[in-house]
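In what follows, a structure is listed as structure tokens, so that the remarks can point back to it.
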There are 2 protein chains.
Amino acid sequence: MTGIRPYKRALDRLQTAGFRPTRQRLGLARLLFEGEHRHVTAEQLHTEAMGTDLRVSLATVYNTLNQFTAAGLLREVVVESGKSYFDTNTADHHHFFLEGTGRLEDIAADDIVVQNLPQPPKGTRVARVDVIVRLAEDDGEAA
Amino acid sequence: MTGIRPYKRALDRLQTAGFRPTRQRLGLARLLFEGEHRHVTAEQLHTEAMGTDLRVSLATVYNTLNQFTAAGLLREVVVESGKSYFDTNTADHHHFFLEGTGRLEDIAADDIVVQNLPQPPKGTRVARVDVIVRLAEDDGEAA
DNA sequence: ATTAATGCAAAATCTTTGCACTTTC
DNA sequence: GAAAGTGCAAAGATTTTGCATTAAT
């Protein structure tokens, strides 16, 4: 037995972060946090919400994603110029990005070794290191 | 003596890539390729062009940057969701990104060691590995 | 002359914002 | 019933596109 139901988990997260657990926020939090880690765009999450009982506007989805990100519940991943992806995995890790499909996949931090990072310019400190392994469809290279 | 004037260099680049050396393209190519390597947005380059004798529309700047990128003369660097940066350095290398100012700085490929890259998912191949070292203003940590 | 490139303005995307209405505490 | 949150539509920001005009071969 887990002892904590998913619903309770999502609720806790919201309250710990100091958010009022409104219907919309709770619904989005459940979609985001109840299953495996995931990468979503606002549009995707909105569509998904519409598919369930949850009625929420796209603007609220954007606002909520931004609030969650600011609160450290989500992390934004920038891989395409015109699009924002939000990652439910806020631990230190990296990404595969499949160009074309726009699919993102996690790479655990220990799976990549980044060494010899040069000193950051004076007056700055390293906030984060993002490694993006861009993938292409591997169609036909066998002779 | 260099033997090749900057103008000629930009012209050669265009022609080698199969572009008609129009006034606009040549002007933009000179702004991009005559000095040191640089990182520009379309907006920046357009503003800069206006500052010189070169009259060119923003749409043409976008088109030109995209054409140059497709031809391998430029490389797009994605670091902020809503903005496209173009890098005149097409060699394998990485970036410092100073959040806040939006400033990009190159890190030579040999200056970072990326090891243990996991196998890419079946049916894909690694097109490129981007390392982005995100920097923050280091205001006051000394006691 | 033919063909490609440019400029403009309009459209397309993605995201944020203002404000009246609704919900939570 | 205060204060915060939501929805909608409008506004912003960035980038692309359609089409008549202009320039390059």
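Lettering of chains follows the sequences in order, A, B, ..., and the numbering in each one begins at 1. None of these values were measured; they are calculated from a predicted model.
- Distance OH (Y85(B)) to P (dT14(D)): 10 Å, rounded to an integer number of Å.
- DNA chain D is contacted by both N63(B) and Q67(A); Q67(A) maps to the nucleotide lying nearer its 5′ end (nearest heavy atom per residue).
- Regarding contacts with the backbone of dT6(D), every side-chain N or O of T60(A) stays at 4.0 angstrom or more from both OP1 and OP2.
- To the nearest angstrom, C1' of dT14(D) lies 8 Å from CD of E43(B).
- Note on T41(B): nothing from the nucleic acid sits closer than 4.0 angstrom, heavy atoms only.
- On the nucleic acid side, DNA chain C contacts chain A at distances under 4.0 Å to non-hydrogen atoms, with the end points of that region at dC14(C) to dC25(C).
- Here the C1' atom of nucleotide dT6(D) and the CE atom of M50(A) are 14 Å apart, to the nearest Å.
- Nearest-nucleotide assignment on DNA chain D puts the 5′-proximal partner with S84(B), out of S84(B) and R23(B).
- Interatomic distance, R75(A) CZ to T69(A) OG1, rounded to the nearest 0.5 Å: 11.0 Å.
- For an aromatic pair to be called close, the ring centres must be under 6.0 Å apart, and H39(A) with H37(A) fails this.
- Between L14(A) atom CG and dT6(D) atom P there is a gap of 10 Å when expressed in whole angstrom units.
- Phosphate proximity of dT6(D) to T22(A): present, with a side-chain N or O under 4.0 Å from OP1 or OP2.
- When the side-chain nitrogen and oxygen atoms of R20(A) are compared with OP1 and OP2 of dA3(D), none of them lie within a distance under 4.0 Å.
- Regarding contacts with the backbone of dT15(D), a side-chain N or O of Y62(B) is found under 4.0 angstrom from either OP1 or OP2.
- Computed from coordinates, the E80(A) CD to dT14(D) P distance equals 18 Å when rounded to whole Å.
- R55(A) places its CZ atom 7 Å from the P atom of dG7(D), with the value rounded to the nearest Å.
- More than 12 heavy atoms of other residues, nucleotides or ligands sit less than 6.0 Å from atom CD of Q115(A).
- Two residues are said to be in side-chain contact when any heavy atoms from C-beta on lie closer than 4.5 Å; L32(A) and L65(A) meet this criterion.
- In this structure, E76(A) CD and T90(A) OG1 are separated by 14.0 Å, a value rounded to the nearest 0.5 Å.
- Distance K83(B) NZ to dT15(D) C1': 13 Å, rounded to the nearest Å.
- Counting heavy atoms from C-beta outward, V114(B) and V113(A) have side chains that stay 4.5 Å or more apart.
- Using a 4.0 Å heavy-atom distance criterion, N66(B) is classed as a sugar-phosphate-only contact.
- For L58(A) and dA9(D), the CG to P distance is 12 Å, given to the nearest whole Å.
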V129(A)/I132(B) under side chain to side chain contact (heavy atoms under 4.5 Å, CB included): CA gap, chis, key distance, verdict: CA-CA 6 Å; V129(A) 178; I132(B) 296 161; over 6 Å; no

